[in-house]
Amino acid sequence: MAAAAEKNALDRGFKKNVRPWLELAEDLVNLSLDKQLSVPQIAVMGDQSSGKSSVLEALSGVPFPRGSGLVTRCPTRLIMRKAQQGERWAAVASTTSSSQQHSVSTPAALTSMIERLTETLTQGPSGFSTESIVVKLTSPDVPDLTVIDLPGIVRTTTEGQSGNVIGDVNGLINNYLAQERTIILAVIPANQDIATVDILERAQQVDPTGVRTLGVLTKPDLIGPGSEDEVLAVLQNERKPLKLGYIMVKNRSQKELKENMTTADARSAEKSFFSQHPVFGTVDPERFGVENLTEQLTKLLVSRIQQELIPMKNEVEKSLHKVRLELKSLESLGASETPSDRQKLLVTLTQEYMRHLTDCVRGEYRDRLIVTNPNLRLYTRALSIFAELQQRIQATAPNFRDANFVAHLTRQMDSLRGRELPGFMSAQSFYMFIQEYIDAWKAPAIMAVTQLRALSLEVATQLCEAIALSYPVLRDAYRGVASRILEQSEEDCTKGLSELIKREKDPFTINDFLQAHINKLRYDRFTSAVGQAFRRQSSGHDSFASAKEEVAASLKSWYRQTHGVNSSANAEDMSAILEAYWHLAAKRFVDNACMLLDERVMGELVNKMQEHCYVFVHDENKLTEFFEEDSEMVQRRTTLTAKRDRLSKANAAMANIQIERSFGKGPMPVRTTLAVGSCGIGLQLAEENGKMVVRGFRDMPEGVENPGQTAGVLIGDMIDQVNGEHVGSFGEGIGKLKLLPPNNMANIVFLREKRNASALGANAV
């Protein structure tokens with residue numbers, strides 16, 4: 001008896017706390033968050049004529065439309081709330097496709113309204129719709145519970161039905177099945193072989209462990225003689241087991257409905273049927289009846305909402321953060337109603353644009369816009385063009401050490417020989433050869449200019465789109481200015497590169513590198529000749545003298561060939577000098593070319609852009625055109641603002657229910673994510689017993705939300721942690737909050753309890 005009394009007390013306490021959780025789920029759905037956030041819900045699923053509508057009728061007392069075939073042709077969301085003392089039966093029906101609501105005062109009228117709304121949504125007696133009917137029912141005889149009735153699984157179409165109905169119904173059911181927070185109420189006729197039940201197979205695919213699937217066995221009076229043991233094995237979770245198990249119910253038959261059997265009589269008849277049944281009467285009575293089904297569904301739904309509260313809140317906060325960031329990118333930097341406003345706005349936008357463009361060109365990536373968008377890092381991307389230029393210049397180098405190159409050089413030098421004395425090289429030959437090689441640098445240099453111009457215009461355009469997102473005409477004007485500047489810069493830079501090439505074709509250096517490199521080349525050749533001489537000597541020498549003589553002969557031959565007074569020797573020497581000077585000149589040219597590109601293309605863009613843009617300040621016609629907002633951007637901003645408001649309300653609702661849950665149990669930690677604005681986090685804080693207590697909210701500039709209120713912070717909350725660091729004292733906490741960088745998110749843990757305390761003095765943060 002004591003145990004039963006304790007259970008009843010717990011049940012009463014549970015039922016008392018049911019409604020706030022159900023209202024939270026409804027709030028999330030009403031905020032249209034069920035399309036962005038999987039909200040815990042119960043979906044009734046099964047074959048056509050499996051008894052789904054009868055189960056809903058038993059739960060609500062409303063005679064849902066019955067029949068054979070596809071009776072339920074659109075989802076029906078049934079929101080039941082137990083009436084308070086003295087409150088009458090009432091219902092309001094509507095659809096998700098219309099804001100119009102229809103009030104009814106009797107169950108029969110509600111049945112007719114459901115049929116009428118079904119016809120409206122499905123546009124005929126054989127149609128189908130994914131839009132939902134929403135019924136809000138208040139009655140003394142219903143539990144606090146919300147369920148969704150889905151159309152039955154269709155296998156064949158009937159006369160007048162579209163061939164698409166099978167796929168449409170399957171798609172709708174699969175959509176609900178796939179939602180991980182949806183409780184699957186699988187309705188199964190008890191007289192059907194459990195192995196052939198389609199809905200259980202589908203549920204197992206998305207819920208293999210059965211943690212969110214509850215089986216409801218209907219029509220027990222139709223079980224054939226001798227089949228009771230098989231049904232009992234299912235009911236006792238031995239066949240096709242589910243984590244949540246099965247419950248069997250007996251609803252009113254068509255005959256009993258025609259005889260106007262009351263709901264109370266139906267429940268009494270149900271109890272008598274199971275208690276007096278020769279097989280089912282021996283089983284735990286909690287496995288039977290609509291009342292037990294109602295209680296289990298309520299507990300399941302509420303516990304599911306409680307379990308998912310923190311994950312849902314985290315999802316909402318992440319979405320809210322993304323929406324706020326996108327909204328911030330769409331915000332205007334000022335008003336544009338009057339000519340003066342438009343002038344100020346143009347100056348502000350131009351300054352903002354130039355500040356970012358300068359950082360892009362200089363490679364100083366401090367601003368978040370550039371940090372989060374690698375495509376805007378102009379100087380970093382320009383370095384790739386510089387590296388590519390260097391590679392292309394290196395690729396033009398002749399193979400100075402190749403024997404064929406030296407032979408060709410010999411022939412060229414012989415063909416150019418004039419009055420030089422034997423043993424002397426012609427300086428004119430050196431000039432001619434090096435000029436020919438340097439000419440090959442022109443094409444890579446011109447390509448680099450073209451690439452850098454295109455890259456600079458790309459970055460300048462993307463920056464326009466980010467800074468002046470809402471003003472397409474202004475963006476086009478900025479891009480036009482940048483394009484004209486870069487066209488001129490490309491022309492000037494091309495001329496500058498031609499001058500560099502011309503200068504390099506007139507060889508000159510006082511750099512020690514040339515002499516050192518020539519000496520190194522000659523030393524390398526000598527070392528190679530010595531190595532070859534030793535490798536070529538035969539191994540059959542009987543004395544050191546004979547070996548020495550053979551090596552010496554080889555080296556003498558090499559010396560005569562490379563240092564003798566002949567064309568071959570001159571060509572070898574010329575090859576070393578050409579190679580040394582080519583490398584020196586190539587390094588110098590690449591450095592000078594890259595500096596020229598930097599100065600004449602990117603540098604000139606920064607220097608001239610601001611000057612050209614400010615010309616528009618005194619052109620009122622242009623200003624008027626500039627600040628006509630893009631209609632798509634306006635619509636996008638409106639949509640995001642509405643979404644932000646919905647997410648903020650949802651976040652606050654979930655935060656509030658966390659507080660209610662913690663009443664009487666001491667302070668409860670509540671994690672929140674706040675947007676740090678120019679005015680901090682918008683809280684007024686007081687020191688009470690060494691704690692930081694919220695005592696109010698700061699006034700914010702017009703059109704700016706208070707971050708604290710938006711995140712669901714309440715007066716009386718105490719700050720416990722800031723970005724994972726514990727707050728030890730009031731002064732320490734103020735210091736941590738003041739270090740929070742603007743335009744970032746802060747993770748703050750508050751301690752919440754029910755208390756009324758007076759403000760002892762406030763510090764705005």
Query raised in the report: Can you check whether W441 reaches L389 side chain to side chain, under 4.5 Å on heavy atoms?
Result: no

**Report entry** From E732 atom CD to H726 atom NE2, the distance as rounded to the nearest 0.5 Å
**Finding:** 7.5 Å

Report task. Report the C-alpha separation of L474 and L346 in whole Å, then their side-chain angles, then the decisive distance to 0.1 Å, and conclude whether the side chain to side chain contact (heavy atoms under 4.5 Å, CB included) test is met. Result -> CA-CA 9 Å; L474 180 60; L346 180 65; 3.8 Å; yes

**Report entry** Side-chain heavy-atom pair M602, L378 within 4.5 angstrom cut-off
**Finding:** yes

Query raised in the report: How long is the gap from CD1 on I501 to CG on N592, to the nearest 0.5 Å?
Result: 11.5 Å

Query - Straight-line distance of Q343 CD to T348 OG1, nearest 0.5 Å - result: 11.5 Å

Requested in this report: Report yes or no: does N723 contribute a side-chain atom to a donor-acceptor pair with the main-chain N or O of N747 at less than 3.5 Å?
Outcome: yes

Query raised in the report: Are side-chain heavy atoms of L674 and V713 found at a separation under 4.5 Å?
Result: yes

Query raised in the report: Are R503 and E499 close enough for a salt bridge, meaning some N to O gap below 4.0 Å?
Result: no

Query raised in the report: Are K608 and E604 ion-paired here, with the side-chain N under 4.0 Å from a carboxylate O?
Result: yes

Query raised in the report: Quick one: CG on L452 to OG on S384, what's the gap to the nearest 0.5 Å?
Result: 11.0 Å

Query raised in the report: Is any side-chain heavy atom of D367 less than 4.5 Å from a side-chain heavy atom of V371?
Result: no

Query - Minimum-distance pair of heavy atoms, taken over all atoms of K442 and S498 - result: CE-OG, 4.3 Å

Query raised in the report: Can you name the closest pair of heavy atoms from A445 and L497 and give their distance?
Result: O-CD1, 3.6 Å

Report task. Kindly determine whether M609 and T350 satisfy side chain to side chain contact (heavy atoms under 4.5 Å, CB included), including the steps that lead there. Result -> CA-CA 9 Å; M609 189 76 190; T350 302; over 6 Å; no

Query raised in the report: Could you state the interatomic distance from CG (L737) to CD1 (I681), rounded to the nearest 0.5 Å?
Result: 5.0 Å

Requested in this report: For P507 and I434, work out which heavy atoms get closest and say how close.
Outcome: CG-CG2, 3.6 Å

Report summary line: In terms of heavy-atom contacts, E504 and F589 come closest through OE2-N, 4.1 Å

Report summary line: For residues 427-436, the salt bridge (charged side-chain N to carboxylate O under 4.0 Å, His left out) pairs (sequence neighbours left out) are none

Requested in this report: Indicate yes or no for a side-chain donor-acceptor contact from T396 to the backbone of A440 under 3.5 Å, with no hydrogens or angles considered.
Outcome: no

Query raised in the report: Would you say the side-chain atoms of N373 pair up with the backbone N or O of L369, donor to acceptor, closer than 3.5 Å?
Result: no

Report task. List the atom of I467, the atom of L349, and the distance in Å for their closest heavy-atom pair. Result -> O-CD2, 3.7 Å

Report task. List the steps and the verdict of side chain to side chain contact (heavy atoms under 4.5 Å, CB included) for V676 and M745. Result -> CA-CA 6 Å; V676 183; M745 304 303 291; over 6 Å; no

Report task. State whether the number of non-hydrogen atoms from other residues, nucleotides or ligands found under 6.0 Å of K505 atom NZ is greater than 12. Result -> yes

Requested in this report: For the pair Y379 (side chain) and E364 (backbone), establish whether a donor and an acceptor sit closer than 3.5 Å, ignoring hydrogens and angles.
Outcome: no

Requested in this report: Mark yes when over 12 heavy atoms from residues, nucleotides or ligands other than D591 sit less than 6.0 Å from its CG; otherwise mark no.
Outcome: yes

Report summary line: Heavy atoms of S648 and R324 approach each other most closely as OG-NH2, 4.1 Å

Query raised in the report: Is the closest basic N to carboxylate O distance between E458 and R381 below 4.0 Å?
Result: yes

Report summary line: Between the SG atom in C360 and the CE atom in M354, the distance rounded to the nearest 0.5 Å is 10.5 Å

Query - Side-chain donor-acceptor contact under 3.5 Å, D492 with S489 - result: no

**Report entry** Side chain proximity check, V727 to Q721, heavy atoms < 4.5 angstrom
**Finding:** no

Query raised in the report: Parallel, tilted or perpendicular: which fits the ring planes of Y353 and Y478, with parallel below 30° and perpendicular above 60°?
Result: parallel

Query - Side-chain touch R484/V481, heavy atoms, less than 4.5 angstrom - result: yes

Query raised in the report: Under 3.5 Å, is there a donor-acceptor pair linking the side chains of E625 and N621?
Result: no

**Report entry** Side chain proximity check, L578 to L409, heavy atoms < 4.5 angstrom
**Finding:** yes

Requested in this report: State which residues pass side-chain contact (heavy atoms from CB on, under 4.5 Å) with T494; sequence neighbours excluded, sorted by chain then number.
Outcome: I446, V449, E490

Report task. In plain terms, say whether R355 and E352 are close enough for a salt bridge, that is, a side-chain N and a carboxylate O under 4.0 Å apart. Result -> yes

**Report entry** Check: Y614 and Q351 side chains under 4.5 Å, non-hydrogen atoms
**Finding:** yes

Report task. Test side chain to side chain contact (heavy atoms under 4.5 Å, CB included) on Y437 and Y581 and set out the steps. Result -> CA-CA 11 Å; Y437 305 150; Y581 188 80; over 6 Å; no

